[in-house]
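Naming: A, B, ... by sequence-line order, numbering from 1 per chain.
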Amino acid sequence: MPGSITVSLPDGSSRSLAQGSSTLDLAAAIGSRLAAAAVAAEVDGALRDLTAPLTDGQSVRIVTSDSDEGRHVLRHSTAHVMAQAVLRLFPGAKFTIGPAIEDGFYYDFELPGGRTFTEADLEAVAGEMRAIVAADQPFVRAEVGVDEALRMFADQPYKCEIIERVTSGAADGSDAGEVSGGGAVSVYRNSDAFVDLCRGPHVPATGRLGHFALMKVAGAYWRGNERGPMLQRIYGTAWESKKALDAHLHRLEEAEKRDHRRLATEMDLLSFPAELGGGLAVWHPKGAIVRKLMEDYSRRRHQDGGYQFVYTPHLANGRLFETSGHLDFYRDGMYPAMEMDNGTYYPKPMNCPMHCLIFRERQRSYRELPLRLFELGTVYRYERAGTLHGLLRIRGFTQDDSHIYCTEEQLTDEIESLLDFVVSVLRAFGFEDFGFNLSTRDPDKSVGSDGIWERATSALREAMERHGVGYAVKEGDAAFYGPKIDIDVRDAIGRKWQLSTIQCDFNLPERFGLEYVASDNTRRRPIMLHRALFGSVERFFGVLLEHYGGSFPAWLAPVQARVLGVTSEHDAYAESVRDALVAAGFRADWVAADEQLGKRIRSAKMERLPYVLVVGADDVRDGTVGVNPRGGEVVRGVPVGRFIDDLRAETAGTSVA
RNA sequence: GCCGGGUUAGCUCAGCGGUAGAGCAACCGCCUUGUAAGCGGUAGGCCGUGGGUUCAAUCCCCACACCCGGCUCCA
């Protein structure tokens, strides 16, 4: 065909199209459904607008709105629509950046006169956005010179700053999504009234959008700099269909139902009394029993793992934290000093310095290494008021903290066995999906020589590689004294939580002058591993509560079984069954038949009890119970002894009953 | 710490410049019940704390505490 071009498709086939055809034409030629779902194109590996003309020989993949990439484009385009709406409604507003993010997008603005957004403004903005969508404005790309771009955005100082930074090569990641760089700047024009700096791609026209919701307003610092201007941010979400949007909103509702703060109140587990102060929790009996079970399990595993238990005080002389370096690096995050007659004392923010003192208290032999000290150590950190978040960010918390002192030869083996240990303990709490991250040195926030850091980092790397686990690298994310492996888990609804940490430290042993006597009778410096599995017991409890949605497995449930008589005739038997369960080491109770059976069962279900045992005349006669398990089928006529055996089997290995 | 929004009964939440309401829970009766809400009644609140404006403040203003959503930070 004269004047035609041929492009290839991902399945290996190729298509001929008229000169000047775009991916949109290609999609239409393949099918109208595809054309409707298409939002962008990947041409020779680069994302482009659907409307960009294709040239002969290119390979093209059509990006549809139901893919991650497609949703990213939808969200970015919706962010532009929101910016246009805000600029229309708030004349004089300055707009800054508005990227797509996981599940949505945001855009940051500076409103005239320091005005701020209210929830009511969101309604108005959303309404204006719907009008822009209805107008089906095309997204028209243009490349302009820097000077022209600066003229175009003459009244938009933030845009000018972005243009200048990009063209001067000072751009960081946050600019990369906005402009293409190089000699030209790309812009997208939606109408005569709205043009935004942007690398793209975008959907062909605003009519492709519309399944969005504006979620919340928030303050945000320009470029994340807390000394910079405070901008006004609007968060939104956008999806390819109403169905997908509704599903997302439904997921948010479900996540909210699992919120550990809500469940903690509902289930009477713990509370944060205002009188106590922010970020400090009190544990109620039902929360405390779950916590105790977690801690007991942890202690047993550590005992089996060759750890020795230690206890250390909550306060220490400031000299200790000068030696360790904590005062230098984290003074602002520590509770303020208490002046006492023989010095300045601080609540401890970490246990490691005290464990170093235990190590140093007498001469150590290589025969003692690896020496593994373990403590459930409560620490206090002054978290800034705005950062507190239920149990997940708290000012007083307990670390399942261990410090392992070993020789350099033992290091890699020790780390590798720790990887197993961590995963094995986390599995007991129902986590199946683990991720590993290696955090490396930040030269501005660390102590010690390059050589030491290199040895520590390669030990961690080698252990993971030998162990065959994949890992991501987080540059500059290490602790000040050494690099670390952080382990995250995925919970029941797919969220990631960073829990465990294994940190390699050549520095504190040096700072504390730790030594052991080696087999050749020389004195050597041990290496120290810091590690925590739960991290913070409080935080882990919060994560666990959300993971299980409050429905703790039988070994952790505050009450494992409740016995209910059908009528008050059977209350005495119900009580005797409860006694038998308690005698067998289980946590059980019974409730008198003052309400109808259905009501009492409902109450027990609302409390998320693993087992409800209903007993009536048949059961009194036969010594049985009717077993109503959480999420299972009722089984009548189960002998009490068999229920006890079954529950024992179910909780074996985890229960310490 | 910064921006915004909150704080009303044990819980979830209405309400309003003239000192308050619902549902659930609690308590008391009646009902005697076989697997997720029986009926009736009673009680319960210095409307977060302290100032201010007002004849009058739970309501309007200010400060503080705490909470929520973000930002920043997180050994």
For atom CZ of A/R384 and atom P of B/rC66, their distance in whole Å = 15 Å

Expressed in whole Å, how much space separates the C1' atoms belonging to B/rG17 and B/rC2?
-> 34 Å

If the C1' atom of B/rA9 is compared with that of B/rU42, how far apart are they to the nearest Å?
-> 15 Å

State, to 0.1 Å, how close A/M267 and A/E607 come at their nearest heavy-atom pair, and which atoms those are.
-> CE-O, 4.5 Å

At under 4.0 Å between heavy atoms, what does A/E383 touch on the DNA or RNA strands: base, sugar-phosphate, or nothing?
-> nothing

Does A/R233 place a side-chain N or O at less than 4.0 Å from the phosphate oxygens OP1/OP2 of B/rU72?
-> no

Mind checking whether A/Y382 and A/Y335 have parallel, tilted or perpendicular rings, split at 30° and 60°?
-> perpendicular

Among B/rC74, B/rA37, B/rA75, the one nearest A/K484 by side-chain distance | B/rA75

When you compare B/rG23 with B/rA75, how far apart are their C1' atoms, in angstrom units rounded to a whole number?
-> 47 Å

Parallel, tilted or perpendicular, as decided by the 30° and 60° cut-offs, for the rings of A/H389 and A/H260 | tilted

Counting side-chain heavy atoms from CB outward, which of B/rU33, B/rG69, B/rU35 is closest to A/V614?
-> B/rU35

Mind checking the P distance from B/rU35 to B/rA20? Whole angstroms is fine.
-> 47 Å

Side-chain N or O of A/Q596 less than 4.0 angstrom from OP1 or OP2 on B/rG38?
-> yes

Presence of donor-acceptor pair under 3.5 Å, side chain of A/R381 and base of B/rC73 = no

Separation between the C1' atoms of B/rC24 and B/rA43, rounded to whole Å = 16 Å

Any idea how A/F480 and A/Y330 line up, ring-wise: parallel (<30°), tilted (30 to 60°), or perpendicular (>60°)?
-> tilted

Of B/rU33, B/rG1, B/rC3, the nucleotide closest to the side chain of A/M230 is B/rC3

When you get a sec, tell me which of B/rG1, B/rA25, B/rC74 is the closest nucleotide to the side chain of A/K599?
-> B/rA25

P atoms of B/rG18 and B/rC61, separation to the nearest Å = 16 Å

Pairwise C1' distance, B/rU72 and B/rC46 [rounded to whole Å] = 39 Å

Taking a pair as Watson-Crick or G-U wobble with both distances under 3.5 Å, which nucleotide is matched to B/rG45?
-> none

Nearest-angstrom distance, P atom, B/rG70 to B/rC27 | 38 Å

Side chains of A/H355 and A/T312, donor plus acceptor under 3.5 Å = no

Taking the side chain of A/A593 as its heavy atoms from C-beta onward, which of B/rG70, B/rC66, B/rU33 lies nearest to it?
-> B/rU33

